[in-house]
Amino acid sequence: MRTNLFHIVLSAIFLTIMSWNSHAQEIRKEGKEIPAENKETTEIAEPKPNDTLEVSLQEPVKKVENDTNKKNGGINNIIKRKASDYEGYDMRTNIGTLYNNAEIEYEDMLLKAGIIKYNKATNEVFAGRIKDSTGTYSQYPYFKQGGQEIEADSIHFNTITKKARVWNTRTDQGEFRVKGEITKKENDSTYYIKNAHFTTSKDIENPDYEFRTAKIKLVPNKKVVVGTTVMWIQDVPTPIVLPFGYFPMTKDAESGFIVPTFGDNNNQGYFLQNGGYYFAISDYMDLAVTGDYYTNGSYGLRGQSNYAKRYKFRGNVNVRFENIVQSERGFPDYSRARQYNIQWSHSQDSKANPNSRFSASVNLGSSQYFRQSLNTVNVGSSLNNTLSSSISYSKTFQTVPQVNMSLTARHSQNTNTESITMSLPTLQASVDRIFPFASADEPKKGFIKNINLQYNLRGENSVNTTDSLFFKPQMFKDMRTGLQHSIPISTNFKIFKYFSVSTGTNFQETWVLNTINRQYNPTSGKVETTDLKGFDAYRTYNFTSSIGTTIYGTFNFNPDGKIQAIRHVMRPSVSYSYTPSFDQYYDTYNTDATQNENYEKYYSRFEGGLFGAPGRNISNSIGLGLNNTFEAKMRNDDESSDEPKKVMLLNNLNFTTNYNIAADSLAWSPLRITGGTALFNQKLNVNFGASLDPYALDNSGTRIDTYNINNGGSLFRLTNANLTLGYSFTSRGDSGSKKNSDNQTARNGGREDDLFGSGTDMSDQRQSMFNEDDEDKPDKAGGTFFNAVIPFDLRLAYSLNYNNARRQKEITGNSLMVSGNIDITPKWKMGFSTGYDFVNNGITFTQLRFERDLSSWRMDFNWVPNGYNKYWSFFIGIKSSVLSDIKWDKRQVPDRTVGN
């Protein structure tokens, strides 16, 4: 809100006229008058009630005047003035005049008009337009200061009383655009506007809607008070009438009520949704508390807060609770469920502290919240099976060697099984690498000088629990605690110039506070496991080594052909790992009362602990791997370039397997093949994988120690395979293909794209398919016909899974997902998400989205025609947040099956 612009504009004029006094005295002493040059026949346009004036109100710039400025009447800079026809001062009438292209410039203020007059006797200033012999007005008054620009028909101002009167005023008041027949300025803080129109439409002259009232009282930067107000749409009055209105108009956020939405559904009856109160706590934080009430007894409560401090941090908190009642008490289908969800996002600015960082991403709550919530329709979230959270703090100590430390609390929740895994917290610390046989400035070459060691520490409190025990005493009783120290020692070097060798060993010492004791209880006749509390520890170590190289091969073809050469890069590697047996940490127990050694079983007291038990069996294995990439050199069709272009054929093609030297049978693991590439200018992503087992199966489908080729089969047996394709293309170009991701949908656990539909937050229906840039783009077709090429974007996702582990030869998954958005016209957008499951022979989740940009209004329609999540919603309302409560919202929410 900009206040008191009259005071700024005309105070500048007053300072200018004061300088005219001394200038006019010099003219009288010299007996001169400034003549008019090339003066045309003109007429000074006096203001009339239907004259038009565009003005914006602004606070005067406050300056600290020094003594010199006071002595000089407050003028502290050069005042420039000019006019094309006439510049003079009449001593008889005490009127100074600038005529035709009149212009006054003072510091950062500039005033232009057809005519500018100052009457020293009445202390009145007039700036107006002029009219030529044909009756055409021109040279409307124009005022500029800094970034503020004003155009007007005329300005009348008294430099003593500071009162002003203008006709057909236009002013911007925040998001409002106000036009009035007569505006009267009483003082620096109060304005009265007669027969006013106000709207949020960009076109004040031809708005698509407006509110008309007989009078407005305007207190800049504070409030707008209106009398009886009628809403007009396209110059047609509507039955919407307000006896009075009050609008806070401050630059700072203001607390206030949030008007609820009225509606009904089949299960909960009539409802009021999203009503509450907004608290403007400070410049750095706010809070919105909203709630829902349904006539069958259901209700919901939500609290959302955003906070930020520049160059420090920013974040938001969202807490939601719903008490959902199904049917009526006494009916067989009556049920009730309490669901909640807590979300917290916090990010630290990188400039805040280079050596420490705090971040949080929390999404936890009831496993069924997004499937049963009455205020959110988010298929992506309801189909997701996992909720996860992470809160971390890390710090780097600039010592020699450098030390890094982090504390992290994690949470992972399976919404199907309702199981929860949490760590509260995890401590990790590490000391940077130390090279004991090489100085800091010396290059690390050779086996000895490359020997390095580290120290790593990991401590954790972890618990596995369920929804029903979450944050209850039993959850903390089941918590596992441990601390693990590790010292890895490694080195790397080259042999025969082309082979890179790395080798190392790792020593670990594990401390735990939870162990078990297992023994047979003759009284109960069962083997019982007892949890023990107390400190215990075990130590392990292992050895690893690997050797690898890179082989380049080029296959040249006809230099005049399309494909000139193919480059093949191979990276073979062989690795070896050895872990001894740690059977000293194992004990035995009998499975019956006979105490017969044949019934003894081994167990470790560290089983079920945080870091598990040390291995009892020797691990002695060799790993084989081969990584391949294929790249083609092709003729460049661009005549301006003679250089061939490179095209990636296969980003990777990997072969991996493992041979267990210590195994008595089935020593070879299946050969795993994976690969991926991107085709058609990186638009089609292809990823594939397969497992090939060298061993055969018996009649029961069990893997046996006989090679498949010796059992009458092929060299390998295909056990499983998978293929995924992703294709995305657009006609919008690079800039148009960037779609604003729905961050809230992703935070809820859904996808950022719309393959599973676009999420709908019923508490905020201002979400739009239109970007801000789209609204500013002109209609290239001039509002008649659309472009020949309709803007669109399309995404395809195909997935195929094959399973033959037990000769079942079945396709376990085969589906195609499609989503897209189309600009039917510059103001119409359509979106869709659908797919087909070829295994179950059915259509997957389908959603249709339509939106119309109505300039100051927005209309959308969402429809899910089938399935568990079927629903529809229609919304039309004003875009501006000031009038966001003027809307019509109707929806049929999905039928919910509420569990206790």
Side-chain angles (χ1 to χ4, degrees), residues 261 263 265 273 370 373-384 727-732 736-775 777 786 790-797 816-836 843-855 857-879 884 887-895:
T261 298
N265 64 46
Q273 276 188 343
F370 291 109
S373 171
L374 299 175
N375 204 270
T376 300
V377 178
N378 191 332
V379 179
S381 302
S382 62
L383 295 180
N384 185 60
Y727 188 62
S728 176
F729 59 96
T730 178
S731 66
R732 307 175 193 271
S737 62
K738 296 178 181 178
K739 181 180 182 294
N740 289 337
S741 61
D742 183 359
N743 293 327
Q744 186 59 45
T745 299
R747 286 186 60 201
N748 290 347
R751 297 172 60 103
E752 289 192 359
D753 57 32
D754 50 14
L755 281 174
F756 290 138
S758 176
T760 301
D761 187 355
M762 296 179 183
S763 64
D764 185 5
Q765 288 282 33
R766 289 175 295 165
Q767 303 172 78
S768 175
M769 296 170 64
F770 287 88
N771 297 325
E772 294 181 2
D773 296 339
D774 295 338
E775 298 179 2
K777 290 179 180 178
F786 200 27
I790 298 179
F792 71 92
D793 57 77
L794 185 66
R795 286 163 297 283
L796 303 173
L816 174 67
M817 300 292 292
V818 185
S819 70
N821 296 281
I822 304 173
D823 294 1
I824 303 174
T825 71
K827 299 296 184 180
W828 268 108
K829 283 184 180 288
M830 173 189 174
F832 65 91
S833 303
T834 187
Y836 192 83
I843 297 175
T844 61
F845 171 78
T846 299
Q847 181 190 56
L848 298 176
R849 306 178 292 274
F850 299 91
E851 183 169 345
R852 170 68 175 176
D853 183 1
L854 298 171
S855 187
W857 297 65
R858 187 181 70 83
M859 179 181 70
D860 69 33
F861 177 73
N862 287 326
W863 182 33
V864 175
N866 55 17
Y868 171 78
N869 292 284
K870 63 181 180 180
Y871 80 99
W872 62 265
S873 66
F874 177 82
F875 171 85
I876 184 170
I878 296 177
K879 294 179 184 178
S884 60
K887 62 185 178 181
W888 191 71
D889 186 4
K890 183 67 175 176
R891 68 179 78 104
Q892 178 63 55
V893 299
D895 294 332

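Numbers here are sequence positions counted from 1.
Note: I876 CD1 to K887 NZ = 13.0 Å, rounded to the nearest 0.5 Å. Between I822 atom CD1 and R849 atom CZ the span is 10.5 Å, to the nearest 0.5 Å. R852 CZ to I824 CD1: the interatomic distance, rounded to the nearest 0.5 Å, is 10.5 Å. Rounded to the nearest 0.5 Å, atoms CG (N862) and CZ (F874) are 11.5 Å apart. Taken from CG in N866 to OG1 in T834, the straight-line distance is 8.0 Å, to the nearest 0.5 Å.
When side chains are defined from C-beta on, T846 does not count as touching Y836, because their heavy atoms never get closer than 4.5 Å. At a threshold of 4.5 Å between non-hydrogen side-chain atoms, the residues W857 and M859 do not count as touching. Under the 4.5 Å side-chain criterion, counting only non-hydrogen atoms from C-beta, F875 is not in contact with E851.
Considering only residues two or more places apart in sequence or on other chains, T844 meets the side chain to side chain contact (heavy atoms under 4.5 Å, CB included) condition with M817, D837. Residues meeting the side chain to side chain donor-acceptor pair (under 3.5 Å) test with S728, sequence neighbours left out: none. Judged as a ring-ring contact (aromatic ring centres under 6.0 Å, His included), and not counting sequence neighbours, the contacts of Y727 are F729. Applying the side chain to side chain contact (heavy atoms under 4.5 Å, CB included) test to L816 and every residue at least two apart in sequence or in another chain returns Y798, V818, F838.
Of the possible donor and acceptor atoms, one in the side chain of D853 sits under 3.5 Å from a partner among the backbone N and O of S855. Side chain of K827 to backbone of L854: no donor-acceptor contact under 3.5 angstrom is found.
Side-chain contact, S819 with S833: no donor N or O sits under 3.5 Å from an acceptor N or O.
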Q: Check the pair F792 / M830 against side chain to side chain contact (heavy atoms under 4.5 Å, CB included), numbers first and verdict last.
A: CA-CA 9 Å; F792 71 92; M830 173 189 174; over 6 Å; no
